Amino acid sequence: MDYKHQEIEKRWQDFWRDNDIFKVTEDPARKKFYVLDMFPYPSGAGLHVGHPLGYIASDIYSRYKRQQGFNVLHPIGFDAYGLPAEQYAIQTGQHPEITTNQNIERYRNQLDKIGFSYDWSRAVRTCDPEYYKWTQWAFIRMFDSWYDNAAGKARPVAELEEYLSQHGTEGLDAAQTEEHSLTAAEWNAMTEKERRAALMNYRLAYRAETMVNWCEELGTVLANDEVTEGVSVRGGYPVTQRKMRQWCLRVSAYAQRLLDGLEKIDWSESLKETQRNWIGRSEGAEMRFDVVGNDLKLEIFTTRADTVFGVTFMVLAPESEYVDLVTTPGQREAVEEYRKAVSHKTERERQIEKKVSGVFTGAYARNPLTGKEIPIYVSDYVLAGYGTGAIMAVPAHDSRDYAFARHFDLPIIPLIEGADVSEQSFDAKEGIMINSEGPKLNLNGLTVKEAIARTKEFIREEGLGDVKVNYRLRDAIFSRQRYWGEPFPVYYVDDEPYMLHEDELPLLLPEVDSYLPTNDGQPPLGRAKNWHDSDGHPYEVCTMPGFAGSSAYYLRYMDPHNPDALVGRDNDEYWRAVDLYIGGREHATGHLIYSRFWDKFLYDLGVVAEDEPFRKLVNQGMIQGRSNFVYRVQGTNTFVSAGLKDKYDTAPIHVDISLVKNDVLDTEAFRRWRPDFAEAEFIVEDGKYVCGWAVEKMSKSMYNVVNPDDIVERYGADTLRLYEMFLGPLEQSKPWDTNGIDGVNRFLKKLWGWFERVDLDGDAPMSRAELKTMHKLIKKVTGDIEEFSFNTSVAAFMIALGELQQMKSTNRGAAELFTRVIAPFAPHIAEEFWHRLGHEGSVVDAEWPAFEEKYLVEDSVKYPVSFNGKTRFTIEVPADTPREKVSELAMADPQAEKWMAGKTPKKVIVVPGKIVNIVI
RNA sequence: GCAGGAAUGGUGGAAUGGUAGACACGGGGGACUUAAAAUCCCCUGGCCUUUACCGGCUGUGUGGGUUCGAGUCCCACUUCCUGUACCA
């Protein structure tokens, strides 16, 4: 009987569903294992063949762990809030929920066909009120928390209030937006409103006026990780900097813990490095410069304290609050004009035109070490959001300062011996200091490293500043001026935000008549009727960003239907952290930072037991498209085969890859493809029209999208699963190439054919050869799965089958073992075998076989091995050599001569057969 | 600029420091067939030698090094990918 994949796969998928095979329950008696996929955003385009790559890998791992006896939690859900559904709603008027649910339905369908072992009873979707209730809940808890730097953890705001009423800010070491100081008396004299305003400075979820990334096209603000190279990640629209009042999360409070936590988790070094760079810890000093003729002190941050003698001017960010305070009346107009010009530029423009620009404020500061007066400028090369938004400029040793100094003709003083600064700055942190002697401090002759340390010490002693650690990581902007997201559980009294009570959650997303902003520029929720509480206090009109719902979803899977908690204590303590998380690298600075932050916060609250959510993380590579081209001769309807195209003047045209097999074009289908090709003529080679190809992003416009449904229908889910793994290393990006799929499909057909010949009723023990083949296979596959080297496992299956076929094996025991080891990879065919072998239940509970070394004959030593001071090696001699001649022959071997290096062998061991062991 | 990773046949890719190119695709040849598809068998890095068998040389981006032995380890370089960037 032929291998009928459609029939087999349907049968076992139904069986799994009808018998709740993948339903998981907490069982303290069993060891747990939690395997998680990054849940998908259900887009309208459906899954293409690249999406399931990581899911297949995690499914293999889950099934493998389950066969090893673990209680495996392997859930899935949907990241259901997001822009595409909303944009579709704006165009069509269809509620995004309808669109989203349709897409989810389709995704579910596609996923089921691939035979994943998900426990769908635990599925979550972020737009479900029962789910986002807990997103809102976490937000409230963040609002009610502040970060105590001394204790290194979040604490309730009530405790902060208590502290302020007794001590003011004296001795308080808290994460805060700005340095504030007040006395207990001042605090106690404040009104309720004033106190709430003051507390905003400390809350972990806070509302503040900050510089934000505004995307006009998307009509919303974006977090830093949603902007790249000055444009929005989604859509690629320009982004400008704007000051707006927004909700933010104080992620920066956790910067050090986010950094430290990386040490104890099993992630790839490159991903950790990306996060380290994103967090951007730098150690330096904060220093105060006096402004001449003004009480003001300019506070700056530098990592090069050693270069203070070379400071010849200072620069403020255009948005810095210092600008208004120092600018002289005569320069005010010029400064205002400059600020205005800068604010109109998009981030992208600002980055692309690297032209030096800036304006003098008219004010001077005093270099604290030299006493000299130095001018203060404003320029957009200084960023408002980093450090203090003000810098000391050292043109000799910083390339940006150098360019600025050249442009404005400011002095450049080299501070390092031998540094030639006539053409460019000397940025390296190495060398011996010169020109660095002042009334109180002399750095001359010190190395840069020593000078930095010495200067830091000095400024601390003199009260000029302090040692300071700065992080690049900024607080996450948490408001979006959009409709399709979680509503904030916030109402306003006299413009002061208050949180809803937890009993009032979820606050449901209201209906609106249009998904566009209101006429007076309010977000879409401004259109909602009765969008206020029972006392008429208005609710917040912004919604939460995409990462809100994805930050703690892995916790909800542990206890998805709990009405009283995000996750119950027992369930959390059973499942704890995710043991294996598989997903794309693109979330390195977004979701994977936010989730860790969120988890650490919940850990501080005592809600979760682990302070790192994902123990091991594997990034699957991206699957790119493989496009095909035909070459049209210019101005004709004639197409030239790829091998001949250079002889003509041609233009490549993307051709739908479904019209191409192994790069050969189906010319008839091509003529039918589009009306203007109906009359196409072909210049062929060897009777075939060969297409060109290129690796590109998989997209509709390139006609290179491969839908997994088509593959499943034609070859089967097991073939798809094996082939996706066979394509190459999991973590590597690679193009999808349907060309090779026949090989894998052929293997499954052969496996099927072999199994048909197996003597199912026989009870003969496996032969020595069979045992060796099977144990070699088990050893290989077990090792491969542990190392996520699934591609070589597929090859191992093929080799093992080839060996069994060669030895004409029909042994039942071999079939039994084969079924068990291939089950994670090709579960449908394995399930079929499992039942034919007479077993009950599902193959997912078939015990994973252990290999036994004794069946694996050791390879003989062929190269010199040192052991106990003796060197031993093996030489091969022809098998028919007479016994007494063996050693003589071995010694004559040129390699043996080389290895012995003129020494006489101490011992020659003749092993039966043709191998000689020589010990020197 | 900085950080991380990669470079092996026509293609995707294998190789605890130990016979480079497993496995698969593609290609070539053959069997079966009226024919095609499917299936099965053989060959397939390059160069040289040979009637044939046999055999030799060369070969993992480039140049050095360590080692009895290097695709693998070390140093320098080239190219490509990915991420990130006026972060002081």
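Only a predicted model underlies this, so the values are computations on that prediction, with no experimental measurement involved.
Classified by interplanar angle (parallel below 30°, tilted 30° to 60°, perpendicular above 60°), the ring pair A:Phe313/A:Phe404 is parallel.
Nucleotide B:G56 is shown with an anti base, its glycosidic torsion being more than 90° from 0.
Residue A:Gln275 places no side-chain N or O under 4.0 Å from the OP1 or OP2 atom of B:A3. A:Asn470 has no side-chain polar atom (N or O) that falls below the 4.0 Å cut-off from OP1 or OP2 of B:A88.
In this entry the distance linking CZ of A:Arg472 with C1' of B:C86 reads 12 Å, nearest Å. A:Glu724 places its CD atom 16 Å from the C1' atom of B:G13, with the value rounded to the nearest Å. Straight-line distance from the CG atom of A:Asn277 to the P atom of B:G83: 14 Å, rounded to whole Å. Rounded to whole Å, atom C1' of B:C41 lies 11 Å from atom CD of A:Gln806. A straight line from CG of A:Asp2 to P of B:U39 spans 11 Å, rounded to a whole angstrom.
Here the side chain of A:Tyr386 is nearest to one of B:C23, B:A85, B:A88, namely B:A88.
Base pairing of B:C2: its partner is B:G83, meeting the Watson-Crick or G-U wobble criterion (both donor-acceptor distances under 3.5 Å).
The 5' end of RNA chain B is approached more closely, in terms of each residue's nearest nucleotide, by A:Thr792 than by the other of A:Thr589 and A:Thr792.
Among the protein residues, A:Lys780 comes within range of no part of the nucleic acid, since none of its heavy atoms lies under 4.0 Å from any strand. Note on A:Arg746: only backbone sugar-phosphate atoms sit closer than 4.0 angstrom, heavy atoms only; bases stay farther off. A:Arg626 comes within contact range of no nucleotide atom at all, as no heavy-atom separation falls under 4.0 Å.
For the residue pair A:Ser270 and A:Arg585, a side-chain donor N or O sits within less than 3.5 Å of a side-chain acceptor on the partner.
Against RNA chain B, the stretch residues 388-403 of chain A makes heavy-atom approaches under 4.0 Å through A:Ile391, A:Arg400.
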Worked check of side-chain contact (heavy atoms from CB on, under 4.5 Å) between A:Asn213 and A:Asn224:
CA-CA 7 Å; A:Asn213 306 299; A:Asn224 279 345; 3.1 Å; yes

